[in-house]
Each structure stands twice: as C-alpha cells, then as structure tokens.
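Have a look at the structure below, then the notes.
In what follows, residues are counted from 1 in the order of the sequence shown. Bear in mind the structure is a predicted one, so any value in this text is a computation, not a measurement.
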Amino acid sequence: MSGEMLKPWTARFLELAHRVEALRFGAFMLKSGRQSPYFFNAGQFSTGSAIATLSSCYAEAILADPTPFDMLYGPAYKGIPLVTAIAVSFARDHGIDVPFAYNRKEAKDHGEGGHLVGAPLRGRVLIVDDVISAGTSIRESIDLIESGGAIAAGIAIALDRQERGRDERSAADAIRADGLAVISIAALDDLVTWLDERGANKPLEAMIGYRNRYGA
C-alpha cells in the first residue's frame with residue numbers, strides 16, 4: 001500500500017462509521033447499476049454521541065483546509081443536523097462562533113416566510129452535506145446562495161467516493177472544475193488504507209478491485 005498515514009479525524013470517522021454501521025462491507029447494488037463492495041449511509045449517525053464525534057471530525061477537516069469561509073449552509077434534509085452540529089463543534093471545541101443557515105424543501109407562507117432558516121446569507125458560504133451524488137442538490141444550493149447575494153466557497157462532505165461518473169470525472173472533481181473547493185473527512189483511498197491497517201484482507205481486495213475498475 002501507499003504507506004500514507006490517515007489524518008486523526010479520518011481514522012476517528014471511519015472507526016465511528018463502521019461501529020454504527022454507517023459504513024458496511026459486502027455486495028451492494030447502487031443506483032448507478034454498479035455493484036459496490038461497501039455502502040455508506042449517514043443516517044446511521046443517529047445518537048448524540050455519534051453526531052458529536054462526526055461533527056468534530058467535520059470541523060477538524062474543515063479547519064485543516066485553507067479554503068476561507070464566513071458561514072455554513074446545510075441543504076435539507078441531512079445537511080440540517082450536520083450544519084447545526086458542526087457549528088456547535090466549532091464553538092465548543094475551537095472557540096469559533098460560525099453563523100449557519102439551512103433551507104426548507106417548501107417555502108413557508110406564514111411567519112418569517114421563505115425557504116431559508118438561520119443566519120442571513122453573506123460572504124463566502126461553505127455547504128455541508130454527507131456525500132456528493134449527482135450534483136443536483138449542490139447546484140440547487142449554489143443557486144440559493146447566489147440568489148441571496150453570497151458566494152459559494154465549496155462543500156464539506158463526510159466521504160468522497162472518488163469514482164468516475166458519466167463524463168469520467170468524479171462528482172467531487174466536477175464540483176472543483178466549477179471553482180469550488182471540496183473538503184472531505186475521508187475518501188476511497190483513505191478507506192483502502194484503513195482496511196489495510198486493520199488487516200481486513202477480504203474487503204480490502206474487493207475495495208482495490210472496485211477502485212481499479214471505477215476510480216477517478
């Protein structure tokens with residue numbers, strides 16, 4: 001293997017994901033029609049301790065990246081608890097008071113109204129989500145941010161699958177091509193390293209084969 005050491009937040013995240021079964025190994029049919037040797041479901045981070053650890057991993061990965069930002073934004077639905085917990089982690093663990101906002105799927109027609117909840121959009125906005133899939137939700141988030149007079153700085157995700165899409169690029173690379181940063185707690189390469197460190201030979205072989213076939 002490459003011999004590269006995992007970042008502390010990456011190792012903590014993968015251990016947590018495996019423990020709560022957000023990360024599972026086997027044979028899984030994806031929407032793309034590919035059969036994957038692993039499956040990631042962020043919905044399994046469903047306890048206070050799990051979301052506390054997850055949010056601290058996000059915060060450390062974000063702070064280690066040079067991308068400047070002024071606030072966080074979480075697209076509905078999974079982005080809502082993520083962005084809230086990450087803002088708490090910034091304040092509690094790093095003494096950084098970061099404003100955040102999130103959207104409603106449907107506009108509210110009473111009270112304050114509109115799609116947006118939380119801090120007003122301003123400056124450079126870092127989008128927070130679990131993964132990048134087809135990129136449709138990311139584009140919707142960028143449009144909402146720009147319509148509010150702010151700038152999308154990038155996106156922070158839990159796992160970068162690092163596999164080719166329809167145009168031979170990964171979803172993350174397609175976002176980067178639009179000038180946005182992509183910050184991930186872990187990526188497919190990290191997952192391979194983690195399995196190798198654990199001596200998990202059977203899933204490791206399947207993962208390497210999958211990466212060789214579909215890796216970006």
key: Phe45 atom CZ, over 12 foreign heavy atoms within 6.0 Å   = yes
query = Is atom CG of Asp97 surrounded by more than 12 heavy atoms (other residues, nucleotides or ligands) closer than 6.0 Å?
reply = no
ask   = Just by modelled atom types, is the Arg213 backbone N or O under 3.5 Å from a matching donor or acceptor in the Arg164 side chain?
value = yes
request  = Report the distance from atom OG1 of Thr193 to atom CZ of Arg198, rounding to the nearest 0.5 Å.
outcome  = 13.5 Å
ask   = With distance as the sole test, does Ser170 use its side chain to make a donor-acceptor pair with the main-chain N or O of Asp173 at under 3.5 Å?
value = yes
inquiry  = More than 12 heavy atoms of other residues, nucleotides or ligands under 6.0 Å from NZ of Lys78: yes or no?
reply    = yes
inquiry  = Is there a side-chain hydrogen bond (donor to acceptor under 3.5 Å, both in side chains) between Tyr210 and Glu163? Walk through the geometry before answering.
reply    = CA-CA 9 Å; Tyr210 188 79; Glu163 61 183 74; 3.0 Å; yes
ask   = Checking Asp190 side chain against Ala187 main chain: does a donor-acceptor pair fall under 3.5 Å?
value = yes
key: Leu191 side, atom CG; Leu23 side, atom CG - distance, nearest 0.5 Å   = 5.5 Å
query = Do Ile155 and Leu126 come close enough that some side-chain heavy atom pair is under 4.5 Å?
reply = no
query = Got a second to check how far Leu195's CG is from Glu205's CD, nearest 0.5 Å?
reply = 11.0 Å
request  = Return yes if some donor-acceptor pair links the side-chain N/O of Asp130 with the main-chain N/O of Ala158 below 3.5 Å, else return no.
outcome  = no
inquiry  = For His18 and Phe25, take the angle between the two ring planes, folded into 0 to 90°, and tell me which bin it lands in: parallel under 30, tilted 30 to 60, perpendicular over 60.
reply    = tilted
inquiry  = Between Ser56 and Thr53 (side chain of the first, backbone of the second, donor and acceptor by atom type, cut-off under 3.5 Å), is there such a pair?
reply    = yes
request  = State, without any angle test, whether Gln162 and Tyr214 hold a side-chain donor-acceptor pair at a distance under 3.5 Å.
outcome  = no
query = Has the side chain of Thr10 got a donor or acceptor atom that lies under 3.5 Å from a matching backbone atom of Ile185?
reply = yes
message = Any side-chain to backbone donor/acceptor pair from Asn41 onto Ala22? Under 3.5 Å, distance only.
response = no
